[in-house]
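Hydrogens, waters and symmetry mates are skipped; everything else that's a heavy atom, side chains included, is used. Note that this is a predicted model, so its numbers are computed, not measured.
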Amino acid sequence: MKKILIVISLLLLCSCSKREDYYVFSFDDISITPGYDTVEFMRLVFDVKADGTIKGKQHMEDVKVFFWDKYFGSIDIGNTRRKEADVDEAIVTRLELYLDNINYSVLKIGDVVLKESVKENCEMFGGEYIERNGYACAFGRKVKDRENVVILYGDILGADQDALSHLEIYVK
């Protein structure tokens with residue numbers, strides 16, 4: 001009986017995703033992991049404009065996020081439980097950040113330091129480089145049965161449209 005319980009425990013333990021399984025975005029000493037981190041975790045550094053509760057198996061889209069009183073971007077959040085929960089317990093499922101609104105010295109996805117060029121970043125990650133009404137790069141991987149996708153966008157209004165302007169990371 002003990003062996004059966006040990007095997008079941010190991011299977012349950014191994015089936016859980018770790019933070020490193022997802023794309024971890026970081027700038028300087030701050031990191032965010034869509035698909036893993038909660039709103040409560042984000043509130044340690046950011047001002048997240050969502051309060052109250054979220055119904056079971058529900059999602060909230062385009063929740064505004066501020067960093068040092070500057071608009072930083074938006075997130076989508078989801079309650080994975082079947083019953084109502086506090087918004088702080090919801091998982092961040094999408095992160096869209098505007099990089100011009102923050103001061104940073106280093107941007108990373110995982111352990112890879114991002115360059116200022118969308119095309120160079122795309123080559124590093126082996127992504128699909130898209131040249132339509134501006135430049136973008138998309139790449140992703142599977143985490144359990146979900147897709148974890150990163151999209152890097154160029155500055156469509158700037159002189160150098162290949163310059164990294166904002167990014168989106170989501171899990172579906």
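Side-chain atoms of N121 never come within 3.5 Å of backbone atoms of L152 as a donor-acceptor pair (strictly under, hydrogens ignored). Distance alone, capped at 3.5 Å, is enough to place a donor-acceptor pair between the Q161 side chain and the I156 backbone. In this structure a side-chain-to-backbone donor-acceptor pair under 3.5 Å is missing from N148 to K142. Of the possible polar contacts, one joining the S117 side chain to the E120 backbone as a donor-acceptor pair under 3.5 Å is found. Panel note: side chain N79, backbone K83; a donor-acceptor pair is recorded below 3.5 Å. Side-chain atoms of T93 do not come within 3.5 Å of backbone N or O of V171 as any donor-acceptor pair.
Taking Ile, Leu, Val, Met, Phe, Trp and Tyr as members and joining any whose side-chain heavy atoms lie under 4.5 Å apart, directly or through other members, the hydrophobic cluster of F66 also contains Y71, Y98.
By the 4.0 Å N-to-carboxylate-O rule, D51 lies close enough to R43 to be salt-bridged with it. Salt bridge absent: K108 and D28 never bring a charged side-chain N and a carboxylate O closer than 4.0 Å. Under 4.0 Å is where a charged nitrogen must lie from a carboxylate oxygen, and between D37 and R19 at least one such pair does. The pair K49-D47 meets the salt-bridge criterion, with a side-chain N (NZ, NE, NH1 or NH2) lying under 4.0 Å from an Asp/Glu carboxylate O.
Atom CD1 in I169 sits 7.0 Å away from atom CG in L97 (nearest 0.5 Å). Note that the CG atom of L164 and the SG atom of C137 stand 10.0 Å from one another [nearest 0.5 Å]. Within the model, atoms NZ of K55 and CD of E84 stand 7.5 Å from one another, a figure rounded to the nearest 0.5 Å.
Between S74 and R94, the closest side-chain pair of non-hydrogen atoms falls below 4.5 Å.
Other residues, nucleotides and ligands contribute only 12 or fewer heavy atoms inside 6.0 Å of the CD atom of E116.
Between I130 and A138, the shortest heavy-atom distance links the atoms CD1-CB, 4.5 Å.
L114 and F67 fall within the same hydrophobic cluster, defined by Ile, Leu, Val, Met, Phe, Trp and Tyr side-chain heavy atoms under 4.5 Å apart, directly or through other members.
The salt bridge (Lys or Arg N to Asp or Glu O under 4.0 Å) check on R141 picks up nothing, with sequence neighbours excluded.
Inspection of the D162 and Y129 side chains reveals an N or O donor paired with an N or O acceptor under 3.5 Å.
Using the six-membered ring where Trp is involved, F125 and Y23 have ring planes that are perpendicular, over 60° apart on the 30 and 60° scheme.
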